[in-house]
Participant: 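Below you'll find the structure I mean.
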Protein chains: 2
Amino acid sequence: MGLTKTKEFTKTQNEIAAMAKALAHPARIAILQFLAKQKSCVCGDIVEELPLAQSTVSQHLKELKSVGLIKGEIEGPAVCYCIDLKALSKIKSIFGELFIEVEQNTCC
Amino acid sequence: MGLTKTKEFTKTQNEIAAMAKALAHPARIAILQFLAKQKSCVCGDIVEELPLAQSTVSQHLKELKSVGLIKGEIEGPAVCYCIDLKALSKIKSIFGELFIEVEQNTCC
DNA sequence: AACCTTTATCGTATTTTTACGATTAATAGA
DNA sequence: TCTATTAATCGTAAAAATACGATAAAGGTT
């Protein structure tokens, strides 16, 4: 079916999966790294940096925005995308908790 | 196209994305959590625990195995899946480095 | 107002993912 | 050997993800 049975899983499980999904494409990792490198608010230079069409990059930005990882601010005709440090620390703790939990496994 | 332009991105970017993709489904998070909870090597009880068909669970296990997160050991007619703590610590460091890198962003 | 720049959205094609039932393979036990 | 159990694989259908070009929207500039 290709349709994930979201309702059959816990809120936390879906949340972790959604965060992971946002990071599950090299282009989105590249976008985050590019934004991090810049010491200022950067905009559509992302498109030039990536080997993808403008509309495709826009889609990737939308996905990062949908999980709150980045914020877009309109600056004249352009849009400035920035990493949301609050969302980032939330992701960090969510993954951190998962890893600690999973690490409890003692078998093998 | 639905076909990720893997070759256009760095090895690290693809690696992070691949790891994230393995975690990008609630069923796979549930599997990892279930394996962690058990203090022993657990096998096909996973199927009973999850709201999915046996073949579907098998597919998810395959994906977790493909990134090395779990290992399968044959135990009689059954198979015992365990978390690979070495792979887990690698994932931890990969995500950790990404988060630290991204955290450098000072804009906004 | 007309125009240019920048970005989002729409429409579409292709690939991948998710999911299931059915079948196969492999092992244990009667 | 025959049978039951367990898990992987195959075939298939439906949905989501990826990608692009074209178009629209929104903001400056002349």
Side-chain angles (χ1 to χ4, degrees), chain A residues 1-9 13-14 16-31 34-35 41-67 69-82, chain B residues 1-9 13-14 16-31 34-35 40-67 70-82:
Chain A
M1 284 156 194
L3 173 55
T4 295
K5 288 186 159 183
T6 299
K7 285 172 190 166
E8 310 274 5
F9 299 98
Q13 286 162 351
N14 278 299
I16 297 173
M19 289 296 189
K21 192 177 274 184
L23 299 176
H25 195 287
R28 294 195 286 274
I29 301 296
I31 289 172
F34 180 79
L35 290 180
C41 240
V42 193
C43 335
D45 319 78
I46 304 169
V47 176
E48 279 182 38
E49 188 77 0
L50 295 193
L52 299 170
Q54 180 265 320
S55 56
T56 306
V57 173
S58 197
Q59 265 184 69
H60 284 303
L61 288 169
K62 197 180 174 184
E63 281 179 72
L64 287 172
K65 209 164 42 169
S66 78
V67 295
L69 255 174
I70 60 173
K71 284 183 297 190
E73 268 177 54
I74 297 166
E75 281 200 355
V79 174
C80 167
Y81 280 104
C82 302
Chain B
M1 282 156 198
L3 174 54
T4 295
K5 288 184 158 182
T6 299
K7 286 173 189 168
E8 310 275 4
F9 298 98
Q13 286 162 351
N14 279 299
I16 297 173
M19 288 296 190
K21 192 175 273 183
L23 300 175
H25 195 287
R28 292 195 287 273
I29 302 297
I31 289 172
F34 180 78
L35 289 180
S40 68
C41 240
V42 193
C43 335
D45 320 76
I46 305 170
V47 175
E48 278 181 39
E49 187 78 359
L50 296 192
L52 298 169
Q54 180 265 319
S55 55
T56 307
V57 173
S58 197
Q59 265 183 68
H60 284 301
L61 289 168
K62 197 178 174 186
E63 281 179 71
L64 287 172
K65 209 163 45 168
S66 78
V67 294
I70 60 173
K71 284 181 296 185
E73 268 178 54
I74 297 166
E75 280 200 357
V79 175
C80 167
Y81 280 104
C82 302

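For the numbers below, each heavy atom of this structure counts, side chains included, while hydrogens, waters and symmetry mates do not. The model shown is predicted, which means the values in this text are computed figures rather than measured ones. Labels below follow one simple rule: chain letters A, B, ... track the order of the sequence lines, proteins then strands, and each chain is numbered from 1.
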Participant: Using whole Å, what does the distance between atom P of nucleotide C:dT17 and atom CG of B:Leu64 come to?
Facilitator: 13 Å
Participant: Tell me: CD of A:Gln54 to C1' of D:dA19, nearest whole Å?
Facilitator: 12 Å
Participant: Rounding to a whole Å, what distance do you find between B:Glu75:CD and D:dA8:P?
Facilitator: 13 Å
Participant: Does C:dC20 have OP1 or OP2 sitting under 4.0 Å from an N or O in the side chain of B:Thr56?
Facilitator: yes
Participant: To the side chain of B:Pro77, which of D:dG27, C:dA8, D:dT6 is closest?
Facilitator: D:dT6
Participant: Supply the atom-to-atom distance A:Arg28 CZ to A:Lys62 NZ, rounded to the nearest 0.5 angstrom.
Facilitator: 13.0 Å
Participant: So for B:Gln59 and D:dA8, does any side-chain atom that can act as donor or acceptor lie under 3.5 Å from a complementary atom in the base?
Facilitator: no
Participant: Over 60° means perpendicular and under 30° means parallel, so classify the ring planes of B:His60 and B:His25, tilted if in between.
Facilitator: tilted
Participant: Between atom NZ in B:Lys21 and atom P in C:dT15, what is the gap in whole Å?
Facilitator: 15 Å
Participant: Whole angstroms only, please: what is the CG-P distance between A:Leu61 and C:dT6?
Facilitator: 16 Å
Participant: About how many Å separate CG of B:Leu61 and CD1 of B:Ile46, when rounded to the nearest 0.5 Å?
Facilitator: 5.0 Å
Participant: Please state whether the phosphate of D:dA17, meaning OP1 or OP2, lies under 4.0 angstrom from any side-chain nitrogen or oxygen of A:His60.
Facilitator: no
Participant: To the closest 0.5 Å, what do you measure between CD (B:Glu8) and CD (B:Gln13)?
Facilitator: 11.5 Å
Participant: Mind checking if B:Glu63 touches a base, just sugar-phosphate, or nothing, with heavy atoms under 4.0 Å?
Facilitator: sugar-phosphate
Participant: A:Ser55 side chain: which of C:dT6, D:dA22, C:dT15 is closest?
Facilitator: D:dA22
Participant: Find out whether B:Leu23 and B:Val67 are in side-chain contact, i.e. whether some heavy atom of one side chain is under 4.5 Å from a heavy atom of the other.
Facilitator: no
Participant: Using a cut-off of 4.0 Å on non-hydrogen atoms, how would the nucleic acid contact of A:Leu52 be classed: base, sugar-phosphate, or nothing?
Facilitator: sugar-phosphate
Participant: Among D:dT6, D:dT9, C:dT7, which nucleotide has an atom closest to any side-chain atom of B:Ala78?
Facilitator: D:dT6
Participant: Does B:Lys5 make a side-chain N or O approach to OP1 or OP2 of D:dA17 shorter than 4.0 Å?
Facilitator: no
Participant: Taking NE2 from A:His25 and P from D:dT18, how many angstroms apart are they, rounded to a whole number?
Facilitator: 5 Å
Participant: B:Arg28 CZ to C:dT18 P: how many Å, rounded?
Facilitator: 5 Å
Participant: D:dA19 P sits how many Å from A:Ile31 CD1, rounded?
Facilitator: 10 Å
